[in-house]
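Working notes for the structure below.
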Amino acid sequence: VEKKEDFEVYSNGLRIETRGEQYHSLRSLRAFDRRGPDKGKPDHPLVVAEPNRPAGIVFHTTESDIAPFEESHNRRLQILARGVLGYVRQIKAYHYLIDRFGRVYRVVKEDSIANHAGNSIWGDSKRLYVNLNDSFLGVAFEAQTRPQDGFETISEAQQHCGRILTD
């Protein structure tokens, strides 16, 4: 709907902040045919699919410091949000970051890799994907998970924006 120097707005209402977005190495999707090397290309079991089309999305939490959503913590919430955004930009950690207020930031361009999955592998019914940094988009929520009590701190605004970003 609208594309400006610092942001984009989409027909589903999503606004993506683009100031500071970065390029990284170009995506290079690598996957193995699950049927085995003898069923793929005869001398090349490695399947190279559409290199710029992500195979999927990996959702993350930043596990960064969190402050309560209370008026007395407004300044701290803003400082923490700027800090985590600066850090994930510096290390090119994700394609998108959704802060606690539901603002969506493009950190790394979608046709580039982001450093979000480390040495990783994932499979679907057809292929095994190697190095999810290359083949999947990384979307991070500024949040912490607390497995000890099962409580997640992803806000309703973040959930909403995560859904429309995925759409």
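Note that this is a predicted model, so its numbers are computed, not measured.
Shown here are the side chain to side chain donor-acceptor pair (under 3.5 Å) partners of Thr18, two or more places apart in sequence or in another chain: there are none. A search for side chain to side chain contact (heavy atoms under 4.5 Å, CB included) contacts involving Lys3 returns Glu8, not counting sequence neighbours. Contacts of Arg15 classified as salt bridge (Lys or Arg N to Asp or Glu O under 4.0 Å), with partners at least two apart in sequence or in another chain: Glu17. Shown here are the salt bridge (Lys or Arg N to Asp or Glu O under 4.0 Å) partners of Arg19, two or more places apart in sequence or in another chain: Asp6. Partners of Glu5 under the salt bridge (Lys or Arg N to Asp or Glu O under 4.0 Å) rule, at least two apart in sequence or in another chain, do not exist in this structure. The side chain to side chain contact (heavy atoms under 4.5 Å, CB included) search around Glu2 returns Lys4, Phe7, Val9, not counting sequence neighbours. Partners of Tyr87 by ring-ring contact (aromatic ring centres under 6.0 Å, His included), not counting sequence neighbours: none found. The salt bridge (Lys or Arg N to Asp or Glu O under 4.0 Å) check on Glu21 picks up Arg106, Lys109, with sequence neighbours excluded. In this structure Tyr94 satisfies the ring-ring contact (aromatic ring centres under 6.0 Å, His included) test together with His60, sequence neighbours excluded.
The shortest heavy-atom contact between Gly20 and Arg89 is O-NE, 3.9 Å. For the residue pair Leu26 and Ile113, the shortest heavy atom distance occurs at O-CG2, 4.0 Å. In terms of heavy atoms, Leu132 sits closest to Ala117 at CB-CB, 3.7 Å. For the residue pair Ser112 and His95, the shortest heavy atom distance occurs at O-NE2, 2.8 Å.
Here the straight-line distance linking atom CG of Leu80 with atom CG of Leu85 works out to 12.5 Å at 0.5 Å rounding. If you take CZ on Arg100 and OG on Ser64, they are separated by 8.5 Å, rounding to the nearest 0.5 Å. If you take CG on Asp111 and NE2 on His24, they are separated by 12.5 Å, rounding to the nearest 0.5 Å.
Crowding of Phe101 atom CZ: a count of heavy atoms from other residues, nucleotides or ligands under 6.0 Å exceeding 12.
Side-chain contact between Leu97 and Val84 is present, with at least one heavy-atom pair separated by less than 4.5 Å. Under the 4.5 Å side-chain criterion, counting only non-hydrogen atoms from C-beta, Phe59 is in contact with Phe141. The side-chain heavy atoms of Gln144 and Thr61, taken from C-beta on, include no pair separated by under 4.5 Å.
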Please list every donor-acceptor pair under 3.5 Å in which a side-chain atom of residues 157-167 meets a protein atom from a residue at least two apart or in another chain.
from, atom 1, to, atom 2, distance (Å)
Gln158, OE1, Ser155, N, 2.8
Gln158, OE1, Ser155, OG, 3.4
Gln158, NE2, Ile98, O, 3.0
Gln158, NE2, Asp99, O, 3.2
Gln158, NE2, Glu142, O, 3.1
Gln159, NE2, Ile154, O, 3.4
Thr166, OG1, Gly162, O, 2.8

Residue pair Tyr96, Val108: steps toward the side chain to side chain contact (heavy atoms under 4.5 Å, CB included) verdict: CA-CA 7 Å; Tyr96 294 95; Val108 175; over 6 Å; no
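Contacts classified as salt bridge (charged side-chain N to carboxylate O under 4.0 Å, His left out) and involving residues 55-75 (residues at least two apart or in different chains) are not found.
If you chain together hydrophobic residues whose side chains sit under 4.5 Å apart, Leu14 and Tyr105 never meet in one group. Ile57 and Val104 end up in the same hydrophobic cluster when Ile, Leu, Val, Met, Phe, Trp and Tyr side chains are linked at under 4.5 Å.
Through ILVMFWY side-chain contacts below 4.5 Å, Ile66 is grouped with nothing and stands alone.
Aromatic pair Phe136/Tyr129: ring centres closer than 6.0 Å.
Thr62 contributes a side-chain N or O that, together with a main-chain N or O of Ala143, makes up a donor-acceptor pair within less than 3.5 Å.
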